[in-house]
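What follows is a short report on a single structure.
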Amino acid sequence: MSLYLAIETATGVGSVAVGEPGAAASEIVFGDRRHAAALLPAIGETLRLAAMDYTDLAGIVVADGPGSFTGLRIGFATAKGILRCHDTLVLRTAPSLLAAAWSTRAFVRGPVAALYDALRGEVFAAVYDVVGDSVRTLVEPLCCSVSELIRRCSTPPAIAVGDGALASAEEVQRWTGRPPIGPPAGAPRASALIELLAVGNGTQPIEDPERFEPVYGRPAAAQARWEQEHGRALPHSGSGRR
Amino acid sequence: MIDVVLGIETSCDETSAAVLVRDGPRPELASLVILSQDIHTVFGGVVPELASRAHLTAIGPVVDQALKQAGIPLDAVDAIAVTAGPGLVGSLLVGVCYAKALAAAGDKALIGVHHLEAHIFAPTIEHPDLEPPFVALIVSGGHTLLLDVPQWGRYRVLGETRDDAAGEAFDKVASMLELGYPGGPPIEHLATQGSDRFDLPRPMLGQGFDFSFSGLKTAVLHTVRGGVDLDADKADIAASFQAAVFDVLTGKTRAAVEQTGYGTVVLGGGVACSRALAMHMARHLTGLARVTVAQPRLNADNAAMIARAGWFHLDQGERSDLYLEADARMPWPGLERQPRLSSSRPRS
């Protein structure tokens, strides 16, 4: 068996799941942005429901950004702590947007756009298509307006999901021809991460988990202002992943 | 029995880890690693989002280094002590989530620690015989707090700042004098080259135990804008400002000693890294009280003091559960704001 723990904390609804690639054995969902308090107890309970403990795991798959900055750090700080205790575990990631898009696979064929509300009139968005046993990324995760996303996507997707899609429902429906699906149905789930482990290009391995930094999707506001004023990258600003 | 505690501190812009090991009845410091984030100097203050991001990439290597320096494997750690607040919530969250994961996945005890209480424990790492009762003065970028400490775990507020913290005033005055961030060290250095010749106020001195540094900061601003030659007068302004702050801090601490009758003063917090403050305090309390202050790396934000405060609470049988949250305004367990002390307390 190669059992994985999945952690999804990139949006307002968090979840954890345990299972073998392709099939979650147990899952717990928690909301109200109580991720920091709920995550570790939920992991413990999810393992217990699956009759497993940390020593049974082969790895951890964590939802990467873009998404909630704080949510991403809660997920990855927790994963790093677990990995430090069990150093044979591997770490894999998948974009949270892909996990959200995955939620429609049972009833929609064709490309799916996932949009998270990024505030300031922008969304974190990506467009994916599952062809056979593999994920194709049609639009890489980016931060832009809904209008800009539509301009970048040459072929309209079959449907759009996520709170960002719901916030611009009329514009999105004109684009896809269908009403968008918001949370909870159109939200990312940890069980989707478990399923994506069995899909080609669904997840990526992380070589150096300790120094891993999630994709935040946009720089800190102070950093963006500084870089605009100075016309260059902020010195010592980490790995540069945004 | 708790024999090894790993401390983790991420409340602001330092990522720190430390290991304490049992040496007889007392803990001994086995290692301390502090990684300061230099990126904030560009902004003249801490940018919370950048601090949080830096903690996430630093925490693993910093903990590894602390364990390596101590020569202790993670398996041998009995408990994790982590700063749960107060502080920047995004920064705190990284440490708390990492610590909870270590505790859960490594089957270790967990204790969330109040950052300011830890500052009071810091001197005990070097001075294990230090015991209450004493007067404690916590001075940092975020706090100025004068406390009566009758016993470990009990703290009575005598006074606190009504506006700017002392360290905050240092940072703002340093900015006025174009000395960079943080402001304490360059002002202390420059003050050695100047004299206290500008007549700056000593706010609220002789008026109870509360502090106020906003007016002093404004007085410096008026001085700077009042036609001085900043290049020529900068050292004298720094010396005058520092003297005013130190006079207030020392005067109120002395009054607290006289009221409580205690024979010991504990200085803690980032501003207490100033040797000039410790010397000023000791000079003005000669014959009245002994001033105890930790070395600078134990006074700045660091994980050794977190581990030491956590050790105390673990020894009391306290444990945090896995629902522990980071709390930017964490209430201080054991802190009492009333009743005020009477002045008839006998000297210890």
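Only this structure's heavy atoms are used, side chains among them; waters, hydrogens and symmetry mates stay out. Lettering of chains follows the sequences in order, A, B, ..., and the numbering in each one begins at 1.
Chain A forms more heavy-atom pairs under 4.5 Å with one residue of B:D107, B:V89, B:D321, B:D64 than with any other, namely B:D64. Chain A forms more heavy-atom pairs under 4.5 Å with one residue of B:A58, B:G95, B:A105, B:G60 than with any other, namely B:A105. Counting heavy-atom pairs closer than 4.5 Å to chain B, the top-ranked of the candidates A:L47, A:T70, A:L72, A:I74 is A:I74. The candidate from A:A222, A:A38, A:C85 with the greatest count of non-hydrogen atom pairs under 4.5 Å with chain B is A:C85.
Residue contact with chain A, scored on non-hydrogen atoms closer than 4.5 Å, involves the side chain of B:L67 exclusively. Neither the backbone nor the side chain of B:A54 comes within less than 4.5 Å of any heavy atom of chain A. Looking at B:F43, the atoms closer than 4.5 Å to chain A (heavy atoms on both sides) all sit in the side chain, from C-beta outward. With a 4.5 angstrom heavy-atom cutoff, B:L324 touches chain A only via backbone atoms.
A side-chain contact (heavy atoms from CB on, under 4.5 Å) with B:D13 is found for exactly one of B:V46, B:I39, B:V47, namely B:V46. Considering B:R319, B:E318, B:H114 as possible partners of B:H313, the one that fulfils the side chain to side chain donor-acceptor pair (under 3.5 Å) test is B:E318.
A cation-pi geometry, defined here as NZ or CZ lying under 6.0 Å from the six-membered ring centre and within 45° of its normal, does not hold between A:R92 and A:Y4.
Counted by atom type alone, A:E213 and B:T57 present zero donor-acceptor pairs between their side chains at under 3.5 Å. A:S96 and A:Y116 share a donor-acceptor pair across their side chains, judged by distance under 3.5 Å alone.
Between A:H35 and A:F30, a ring centre-to-centre spacing shorter than 6.0 Å is recorded.
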